[in-house]
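This report concerns only the one structure given below.
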Amino acid sequence: MRIILILLGFAAVFYLAEKSLIYTSIFVAFVVASFIIELYFYLKNAFLFYDKTINAILNKDFSADFSKHKSFQNYRRLFQLYNSLKEKENEQVSKDIIYRSILNNIETGILILQKEESDWSIFLMNDCFSKQFEVPKVSKWHYLKNQLPSLCLLIEEQNFSEIKTTLQIRVNQQEMQIFVMQSSRTKTHNQEYYVVLLDSIQKVIDKKEKEAWINLMKVISHELLNSLTPIRSLSQNLKELVGQESLSPEDLQDIKDSVITMHNRSNHLQEFVESYRKLAMLPTPKKEKIELSTLIENCVQIMKPLFKKEKIEVKNTIDFNRWISVDSNQMEQVFINLFTNSLFALAEKEKKEITISAELKEKRLYIIITDNGSGIDPEIEDKILLPFFTTRTSGAGIGLTLSKNIIEAHGGYLAFRSDENNTQFTVCLVE
């Protein structure tokens, strides 16, 4: 409309000048000039408004309020873009706060570096890292290098590549502490990050030790209460019976039954303590050379009557021979325990199979016992190696724990894997 009015104004000026209406044409020219000036300032303000809004978006400044401009239809799309980006920015800020809160509550030291041209800056340092090493939350790499030279020099020597190692760090003239360090390098869009995770070995050991003690005490207290509760109840009953002036035949029978029950429970407690003593006082292995095939065959022969009775087919697929240095008596106990475990796992199966296999990898011997039983319930997988934990009414719950301790005393480890169709126990021995 402004442009049309200005063009009409120019036409009027020329028309009036031709008609020799000088003063009228001067007045119309003045009006046209006013329109041109007004158009200039209108366009200038419009461009300034666009420029201001775009600058705010580029600088992520979403504090402006455009509510008074809502009636301006020309800016409608601009306002929609601004509000959309504002919502996304607020959402991203909320996520950043949550992520930082999560990282600050993790009991692992976390340091994230961000690459800036040829140098690195500190993108994030969580509270655990800051407290563990008594380092302020600095923003520059060289500041951190002054605080933790041993860590920073190791990272620089490896050229900020992926690392998995242990290192000793002294914090403020205290004793040296050993840490497990894992680092990785990642790139997103045009940004490159270096993530460092540090765990105190002592803290990890203390945590695992505490968890092990808690689990062990739960099992022991449960077993003790199972025996002490009926004994206490029966002793209270006996106290009341012997306090009577005369005893009937029924009372005498109650006394007899109570004494037998108390005796049985006492025997159970004694067996329980003996089992614990076996675990706590495992003798040092007396190693001697023995052929792997001979060791396995001896164990199979010992279990053969039970396998035959339960109609279990045993497949020995070991196709190589190997001399190994072990305590044959202790290792026989391990394989007998594993075979016994498989025997009970196969109780409900029609076709019962146990497969024995072995393989060599990088100076490690893996002996694998697999059965086609129903597997281990996922809910108890983390408990089956605990002392005295058992799902069998007749079991003492020390077979797998004792086996694990024997193998560890030989410098190896016991592992297992289970699904719905089979269970696999692996004995690993280092040659």
Side-chain angles (χ1 to χ4, degrees), residues 95-212 214-215 361-364 366 381-382 385 404 408 411-417 426 428 430:
K95 286 181 180 178
D96 287 345
I97 292 170
I98 292 169
Y99 295 152
R100 286 177 183 270
S101 177
I102 292 170
L103 291 173
N104 283 326
N105 283 288
I106 292 174
E107 293 183 2
T108 297
I110 300 174
L111 177 70
I112 303 176
L113 307 177
Q114 182 178 3
K115 193 163 189 181
E116 294 180 349
E117 295 179 357
S118 61
D119 199 7
W120 292 85
S121 64
I122 295 173
F123 177 76
L124 182 138
M125 180 193 294
N126 75 339
D127 290 346
C128 179
F129 188 98
S130 180
K131 290 175 184 176
Q132 203 166 37
F133 300 107
E134 299 179 16
V135 175
K137 291 191 175 182
V138 294
S139 59
K140 296 296 181 182
W141 174 250
H142 62 269
Y143 293 147
L144 182 64
K145 195 173 177 180
N146 292 334
Q147 299 285 334
L148 291 172
S150 56
L151 172 64
C152 296
L153 286 172
L154 172 66
I155 293 172
E156 287 181 348
E157 285 171 1
Q158 298 296 323
N159 197 26
F160 294 87
S161 60
E162 293 191 4
I163 305 172
K164 189 173 184 181
T165 185
T166 59
L167 71 159
Q168 292 184 330
I169 299 177
R170 188 189 300 277
V171 181
N172 286 345
Q173 306 303 317
Q174 297 175 5
E175 292 183 0
M176 296 290 283
Q177 296 182 43
I178 302 175
F179 292 86
V180 177
M181 174 183 169
Q182 294 184 70
S183 65
S184 60
R185 195 164 174 171
T186 185
K187 196 170 184 178
T188 57
H189 301 297
N190 296 321
Q191 291 292 335
E192 196 167 0
Y193 297 94
Y194 187 72
V195 182
V196 180
L197 304 178
L198 280 164
D199 259 325
S200 168
I201 287 181
Q202 190 57 48
K203 282 188 177 181
V204 173
I205 292 171
D206 290 345
K207 184 180 178 182
K208 293 293 182 184
E209 192 177 82
K210 185 179 179 182
E211 289 175 357
I214 289 171
N215 288 326
K361 287 181 182 178
E362 298 177 355
K363 294 186 178 181
R364 293 175 184 267
Y366 298 90
E381 281 188 353
D382 60 337
L385 295 177
K404 176 176 176 287
E408 287 176 353
Y413 64 83
L414 176 66
F416 69 91
R417 182 181 60 79
T426 302
C428 174
V430 181

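- Note on ring orientation: taking the six-membered ring where Trp is involved, the planes of Phe160 and Trp120 are parallel (angle under 30°, cut-offs 30° and 60°).
- Scanning all heavy atoms of the two residues, the minimum distance from Val430 to Gly411 falls at CG2-O, 3.6 Å.
- One finds the OG1 atom of Thr186 at 8.5 Å from the CD atom of Glu192 (value rounded to the nearest 0.5 Å).
- When every heavy atom of Asn146 is checked against every heavy atom of Pro149, the shortest pair comes out as O-CD, 4.1 Å.
- How far CG of Leu144 is from CD1 of Ile122: 4.5 Å, rounded to the nearest 0.5 Å.
- Note that OG of Ser139 and CE of Met125 are 9.5 Å apart. Values are rounded to the nearest 0.5 Å.
- Side-chain atoms of Ser183 do not come within 3.5 Å of backbone N or O of Val195 as any donor-acceptor pair.
- Although no hydrogens or angles enter the test, the distance criterion places a donor-acceptor pair under 3.5 Å between the side chain of Tyr194 and the main chain of Ser161.
- Going from atom CZ of Arg185 over to atom NZ of Lys115 covers 5.0 Å, rounded to the nearest 0.5 Å.
- Every residue two or more places apart in sequence or in another chain that forms a side chain to side chain contact (heavy atoms under 4.5 Å, CB included) with Ile102 is listed here: Ile98, Ile106.
- Qualifying side-chain hydrogen bond (donor to acceptor under 3.5 Å, both in side chains) partners for Glu162, counting only residues two or more places apart in sequence or in other chains: none.
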Checking Phe123 against Gln191 for the side chain to side chain contact (heavy atoms under 4.5 Å, CB included) test, could you report, in this order, the C-alpha distance in whole Å, the side-chain angles of both residues, the deciding distance, and whether it holds?
CA-CA 11 Å; Phe123 177 76; Gln191 291 292 335; over 6 Å; no
CA sep, side-chain torsions, deciding dist, call: Lys145, Leu153, side chain to side chain contact (heavy atoms under 4.5 Å, CB included)
CA-CA 8 Å; Lys145 195 173 177 180; Leu153 286 172; 4.0 Å; yes
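- Interatomic distance, Leu113 CG to Leu111 CG, rounded to the nearest 0.5 Å: 4.5 Å.
- Between the side chain of Asn104 and the main chain of Asp127, a donor-acceptor pair closer than 3.5 Å is present.
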Under the side chain to side chain contact (heavy atoms under 4.5 Å, CB included) criterion, do Val138 and Gln147 qualify, and how do the steps go?
CA-CA 10 Å; Val138 294; Gln147 299 285 334; 5.6 Å; no
Start with the C-alpha distance between Phe133 and Leu198, add both sets of side-chain angles, then the distance that settles side chain to side chain contact (heavy atoms under 4.5 Å, CB included), and finish with yes or no.
CA-CA 10 Å; Phe133 300 107; Leu198 280 164; 3.7 Å; yes
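- Remark: of the listed residues Leu197, Leu151, Asp199, Leu151 is the sole one forming a side chain to side chain contact (heavy atoms under 4.5 Å, CB included) with Met181.
- To the nearest 0.5 Å, atoms CD1 (Ile163) and CD (Gln182) are separated by 11.0 Å.
- Residues satisfying the side-chain hydrogen bond (donor to acceptor under 3.5 Å, both in side chains) criterion with Thr426, sequence neighbours excluded, are absent altogether.
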